[in-house]
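To find a chain, count down the sequence lines: A is the first, B the second, and so on, and within it residues start at 1.
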Amino acid sequence: MHEQEALSEQERLRREARQQLEAMGVDPYPPGDFEVTHWSADIVSGFEANEQAFAGMTVAVAGRIMARRIMGGASFCTLQDAKGRIQIYLKRDDLMQDGNASLYEVVWKKLLDLGDIIGVSGEVFRTRTGEISIHARTLKLLSKALRPLPVVKEKEGQLYDEVTDPEFRYRQRYVDLIINPESRRVFLQRSQIVQSMRSFLLQRGYLEVETPILQPIYGGALARPFVTHHHALDMKLYLRIANELYLKRLIVGGLNGVFEFAKDFRNEGMDRYHNPEFTMLELYVAFKDYVWMMDLVEEMLEQVVMELHGSTQVTVGSQRIDFRRPWPRLPLLDALAQRTGRQIADMDDAALRATAREFGVSLDETAGRGKIIDELFSTLCEPHLIQPTFITDYPVEMSPLARRHRSRPGLVERFEVICNGKELCNAFTELNDPLDQRRRFEEQLELGRRGDPEAMQLDEDFLRALEYGMPPTAGVGIGIDRLVMLLANAPAIQDVIFFPHLRPEKH
RNA sequence: GUCUCCGUAGCUCAGCUGGUAGAGCAGCUGACUCUUAAUCAGCGGGUCACAGGUUCGAAUCCUGUCGGGGACACCA
């Protein structure tokens, strides 16, 4: 076996232990018929709440050996299961089998290791030093670990030798989850956040749907797609960059409100805020507009935060962010006017460029009016918006799927929520005029011809759907990963995605 | 993509301006029947990311490659 030579000393020893176990008739990977009666954390909290009921109760737990303290004929072991940790007390005299001490002396002391998964049954009690523990009467190996687990020790909340290497944590998330409670916390909160949002939307009668990930025409956002190939049809397919156009087709189809927690894929650079695949909630509701949608978003996020933290406030880094309604609503041009002291709205492109230069905002030569305004806003205003704020009414050039503003020419009925200096969601009154939509697509095609790799494609079928008539509709997209980063106070997107994209590991 | 920092034992890290690799934890052997970062005594464990180069001699200096972090660019 050529892999043998690469094994470390500890790995070799564990393989030998496995063989010895088998030789003794102990199956290192027995079938899962060990009946777990309790979770560690429930025993501990139950005992604390009602000592009389729990003291002496026989329980069966299963989990991973995280620490061992062997003192000859007696031992203590820290067992970790899905809900927490509990101490196990093992005594040789109590684990005798027909006068044979080998379960304790050989299996437990010699052949089991940190990281092994065991099942234990025994009575709950409190040790002399006060720790709630299980006095083991049976001990069963449930799965032998052949690799040593990094050992993180802890005293009075202080961690020692904590594994902090991000590469290790992301590549071997399974280990990260075992040894890093902070990592578990973030992912549990992610799940809670998604559940809160889902029940909020279901409660209002909206329908959770699924739409294609493989799309012949990509649309719904400005981004470069991943391309793949369908062999049987011999055609190019794209991994979706958004599901917007499909959800709007469903609104045409008469569904009143639809949402999807969608994995989207964008072929762009990766950093702390960008993973090539990420999750977006999109929601579309018929007979509503973007003002109504602001109310809904406010209400939903306030409730999500409340359910997560028991308060509307979140601590993010050094900032304290309060999601209590209502949030300020500020037109984008007003925000810029406040920052610059200029009336941006009245400026022509040349004056805009001059303003950008004056405030040190660098611009692409080809940037049009919308792009310049967007650039000014994101460098001058966005970083200063810490508390959740609605920024409304964006330039039409930047928003090919949004309805023109009912009273402000050149703008669309769109808002973003900016929070902690970053976009949290993007919404508009949807464009449902098929002829206007066709013109906007054609403008995108022109951008594409001029070499913009992120310009949209023209989707004839989507236009056909609009021609049948789409009710006035409000839509919103919320980046789930970034929302979780914010609410769970995680510094990087890689901390909220179980298996973030990394370059392949070299062997 | 550019710049920059980093890669040493299973884990956390030390190793100065070049002299042939070290600690704690984990592991192994032994002692110990209420410990908790258990303790005590002893012992093993390394392709110093990889490939070249300079040198009598490279973990250390140089170049390149791979991987990761940070910043910028691009981007929602």
Side-chain angles (χ1 to χ4, degrees), chain A residues 5-14 16-17 65-78 85-95 101 104-105 109-110 113-115 125-133 135 145-172 175 179-180 221-224 241-242 264 266-276 278 280 362 364 374-375 377-378 382 398 416 418 422-426 452-454 477-479 481-482 491-494 500 502-507:
Chain A
E5 58 199 73
L7 293 180
S8 70
E9 181 187 40
Q10 294 195 47
E11 288 170 310
R12 280 197 311 273
L13 286 164
R14 283 173 183 240
E16 284 166 27
I65 302 172
M66 300 303 288
R68 292 206 299 172
R69 296 174 289 279
I70 299 176
M71 292 147 297
S75 305
F76 289 91
C77 159
T78 304
R85 293 180 169 199
I86 190 164
Q87 179 171 266
I88 311 293
Y89 176 57
L90 303 101
K91 201 157 72 157
R92 181 204 292 141
D93 301 348
D94 299 325
L95 291 170
Y104 181 87
E105 288 294 338
K109 280 171 75 171
K110 300 293 175 198
D113 291 290
L114 293 187
F125 76 113
R126 198 191 279 275
T127 64
R128 266 176 223 156
T129 50
E131 178 148 351
I132 295 160
S133 308
H135 189 144
L146 297 183
R147 280 177 191 266
L149 201 60
V151 178
V152 180
K153 297 215 173 189
E154 178 254 318
K155 187 186 190 181
E156 286 154 12
Q158 176 78 31
L159 293 176
Y160 297 82
D161 297 337
E162 188 181 8
V163 176
T164 51
D165 176 13
E167 186 175 1
F168 187 107
R169 295 185 44 229
Y170 302 154
R171 283 199 200 282
Q172 301 188 50
V175 178
I179 63 180
N180 195 343
L222 304 169
R224 293 173 68 170
I241 56 174
D264 292 340
R266 298 188 185 174
N267 208 338
E268 293 157 356
M270 295 151 53
D271 60 28
R272 173 152 44 133
Y273 300 101
H274 300 256
N275 194 64
F278 62 100
M280 178 100 95
S362 57
D364 201 296
D374 186 67
E375 199 59 41
F377 176 76
S378 47
E382 223 171 57
M398 303 299 296
E416 293 190 354
I418 311 293
K422 299 192 187 59
E423 175 199 339
L424 205 57
C425 63
N426 184 14
D452 183 346
E454 285 159 8
I478 303 181
D481 311 279
R482 292 193 187 168
I493 201 166
Q494 289 80 12
L502 295 176
R503 290 192 159 81
E505 203 174 352
K506 228 355 192 336
H507 285 288

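- The base of rG44(B) sits within donor-acceptor range of the side chain of Glu9(A), with an N or O pair under 3.5 Å.
- Side-chain atoms of Glu131(A) stay outside donor-acceptor range of the base of rU35(B), with no qualifying N/O pair under 3.5 Å.
- In this structure, Met270(A) atom CE and rG1(B) atom P are separated by 11 Å, rounded to whole Å.
- At a threshold of 4.0 angstrom between heavy atoms, the contacts of Lys110(A) are confined to the sugar-phosphate backbone, with no base atom among them.
- Within 4.0 Å of Arg266(A), counting heavy atoms only, lie sugar-phosphate atoms of the nucleic acid but no base atom.
- Using P as the reference atom, rC32(B) and rC48(B) are 41 Å apart when rounded to the nearest Å.
- As judged by a 4.0 angstrom heavy-atom cut-off over every strand, Phe168(A) is placed among residues touching the sugar-phosphate backbone only.
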| query | According to the Watson-Crick and G-U wobble definition with distances under 3.5 Å, which dot-bracket string, read 5' to 3', encodes RNA chain B, using [ ] for crossing pairs and | for pairs with another strand? | reply | (((((((..((((.....[..)))).(((((.......))))).....(((((..]....))))))))))))....
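- As judged by a 4.0 angstrom heavy-atom cut-off over every strand, Ala67(A) is placed among residues making no nucleic acid contact.
- One atom, CG of Asp271(A), and another, P of rU4(B), lie 20 Å apart when rounded to the nearest Å.
- Straight-line distance from the CE atom of Met71(A) to the P atom of rG30(B): 17 Å, rounded to whole Å.
- Counting distance only, with no hydrogens placed and no angle test, the side-chain atoms of Gln158(A) and the base atoms of rA37(B) include no donor-acceptor pair under 3.5 Å.
- When each of Ile70(A), Ile88(A), Leu114(A) is tested with Cys77(A) by the rule side chain to side chain contact (heavy atoms under 4.5 Å, CB included), just one qualifies, namely Ile88(A).
- Here the separation of rC72(B) from rG45(B), taken at their P atoms, is 47 Å to the nearest Å.
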